[in-house]
Amino acid sequence: EPYFDAEGFAQDLADIEYPLHFLDFEGFSPAIPVYPGTKPYETVLFQFSSHTMYENGRTFHREYLHADDTDPRERFAKKLIKAMGDKGSIFVYSHYENTNLTKLRNYLLIKAEEMRKKGKHTAADRYEKDALALENIAKRFVDLLPILKDRFYHPAQKGSYSIKAVLPIVAPELSYKDLTIQNGAVAAAVYAEIIDPATPPARRAMLARELLKYCERDTEAMLVLFVN
């Protein structure tokens, strides 16, 4: 039977702080490491999307895609820190963002240590500052997935709490069917093609546009789930 505990949902979210950020990461885990210091199958974040909702209902979208073949981690961190600011609850869907943000923070701390050993203290301070900023961002995370598991169910989900299973129930007008990329595994494969030097520039640009559309849809879906 359909089930929705609206009162419980409200209680779970009683302490949220505006503006509300709905955040999604994309990463890839190549079998053969692409960047120095990474391991086989280590996840490297290359993209994020964020929909921000202010208390008056106004929304704003921010996004970043590292679309060249350099190591995306440092640039990703700086763009994310700027996009998230220092205020507001940050909604994610599952532990993926928290897990990989912690790994990114640890990478920055390692870089800071390397810089200090080389006597480059100013650079080390910058890495440490960014690492602390990522730690503070993670403290603002609110995971929607366990809340939904406790407070919502519909038979049409068929037991799945994937956002792609829940979204058509809550907002049937919004789906992933119009997108070329429809899941994270395909997104990772597309990114591997984007950073391949053999990929023609025109195709690289087209694939980048499709990645941006996909990641944006994820955070739009989270916003719609929250509002509805």
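Here the structure is a predicted model, which is why all the values come from computation and not from measurement. Reckoned from all heavy atoms, side chains included, excluding hydrogens, waters and symmetry mates.
Contact record, Ala124 with Ala112: CB-O, 3.4 Å, taken as the closest heavy-atom pair. Heavy atoms only, all atoms of each residue included: Ser50 and His21 are closest at OG-CB, 4.1 Å. Considering every non-hydrogen atom in both Tyr161 and Leu148, the closest pair reads CE2-O, 3.6 Å. Shown here for Asp130 and Lys78, the closest heavy-atom pair between the two residues is OD2-NZ, 2.7 Å. Shown here for Pro33 and Pro40, the closest heavy-atom pair between the two residues is CG-N, 3.6 Å. Shortest non-hydrogen contact noted between Tyr18 and Met53 is CD2-O, 3.6 Å.
At a threshold of 4.5 Å between non-hydrogen side-chain atoms, the residues Leu104 and Arg73 count as touching. Contact annotation: the side chain of Asp86 never approaches that of Asn136 to less than 4.5 Å [non-hydrogen atoms, C-beta and beyond]. Counting heavy atoms from C-beta on, the side chains of Arg126 and Lys129 never come closer than 4.5 Å. Counting heavy atoms from C-beta on, the side chains of Tyr176 and Tyr214 come closer than 4.5 Å.
Remark: side-chain polar atoms of Arg140 are paired, donor with acceptor, to backbone N or O of Lys87 under 3.5 angstrom. Of the possible polar contacts, none joining the Arg105 side chain to the Leu134 backbone as a donor-acceptor pair under 3.5 Å is found. Using modelled atom types, no side-chain atom of Glu63 and backbone atom of Cys215 make a donor-acceptor pair closer than 3.5 Å. Between the Gln47 side chain and the Glu26 main chain, no donor and acceptor come within less than 3.5 Å of each other. Using a distance-only test at 3.5 Å, with no hydrogens or angles considered, no donor-acceptor pair links the side chain of Glu74 to the main chain of Asp71.
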Q.
Between Thr38 and Val44, is the side-chain contact (heavy atoms from CB on, under 4.5 Å) condition met? List the steps.
A. CA-CA 8 Å; Thr38 57; Val44 176; 4.2 Å; yes

Q: Take Ile147 and Val142 through the test side-chain contact (heavy atoms from CB on, under 4.5 Å) and record every step on the way to the result.
A: CA-CA 9 Å; Ile147 296 174; Val142 178; 4.1 Å; yes

Q: Using the side-chain contact (heavy atoms from CB on, under 4.5 Å) rule, take Arg151 and Leu13 through it: C-alpha gap first, then chi angles, then the decisive distance, then the call.
A: CA-CA 12 Å; Arg151 307 301 184 186; Leu13 301 177; over 6 Å; no

Q.
Walk me through whether Tyr35 and Glu42 qualify under side-chain contact (heavy atoms from CB on, under 4.5 Å).
A. CA-CA 10 Å; Tyr35 309 111; Glu42 179 178 341; over 6 Å; no

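Rounded to the nearest 0.5 angstrom, His95 NE2 and Leu101 CG are separated by 14.5 Å. Distance check, rounded to the nearest 0.5 Å: CZ of Phe22 to OG1 of Thr219 gives 9.5 Å. Taken to the nearest 0.5 Å, the CG atom of Leu212 stands 11.0 Å off from the CG atom of Leu207. From Leu65, atom CG reaches atom CD1 of Ile194 across 5.5 Å, with rounding to the nearest 0.5 Å. Expressed to the nearest 0.5 Å, how far OG1 of Thr52 lies from CZ of Arg62 amounts to 4.5 Å. Atom CG of residue Asn98 and atom CG of residue Leu23 lie 11.0 Å apart, to the nearest 0.5 angstrom.
Leu223 and Ile90 fall into different hydrophobic clusters, where Ile, Leu, Val, Met, Phe, Trp and Tyr residues are linked whenever their side-chain heavy atoms come under 4.5 Å apart, directly or through other members. A continuous path of Ile, Leu, Val, Met, Phe, Trp and Tyr side chains, each step under 4.5 Å between heavy atoms, connects Leu167 with Val227, placing both in one hydrophobic cluster. Under a hydrophobic-cluster definition in which Ile, Leu, Val, Met, Phe, Trp and Tyr are linked whenever side-chain heavy atoms come within less than 4.5 Å, directly or via other members, Ile81 and Leu109 are assigned to different clusters. A single hydrophobic cluster is not seen to contain both Leu45 and Leu132; linkage of ILVMFWY side chains at heavy-atom distances under 4.5 Å, directly or through other members, places them apart. Ile181 is not connected to Phe48 by any chain of hydrophobic side-chain contacts under 4.5 Å among Ile, Leu, Val, Met, Phe, Trp and Tyr, and they are in different clusters.
Counted within 6.0 Å of NZ on Lys79, heavy atoms from surrounding residues, nucleotides or ligands total 12 or fewer; the atom is thus considered open. The 12-atom threshold is exceeded at CZ of Phe4, counting heavy atoms of other residues, nucleotides or ligands nearer than 6.0 Å. The neighbour count for Glu7 CD, taken as heavy atoms of other residues, nucleotides or ligands under 6.0 Å away, does not exceed 12. Applying the 6.0 Å contact sphere to NE2 of His61 captures more than 12 heavy atoms from other residues, nucleotides or ligands. Counting heavy-atom neighbours within 6.0 Å of Asp15 CG, excluding the residue itself, gives a total of 12 or less.
We find that Asp178 and Arg217 are joined by a salt bridge, their nearest charged nitrogen and carboxylate oxygen being less than 4.0 Å apart. A salt bridge between Arg203 and Glu193 is present, with a side-chain N of the basic residue lying under 4.0 Å from a carboxylate O of the acidic one. Residues Glu113 and Lys117 are paired through a salt bridge, judged by an N-O separation under 4.0 Å between the basic side chain and the carboxylate.
With Phe25 as reference, Phe76 is the one residue of Tyr64, Phe76, Phe46 to meet the ring-ring contact (aromatic ring centres under 6.0 Å, His included) rule.
Between the side chains of Asp24 and Tyr96, no donor-acceptor pair of N or O atoms lies under 3.5 Å.
When ring centroids are compared, Tyr153 and Tyr3 stay outside the 6.0 Å threshold.
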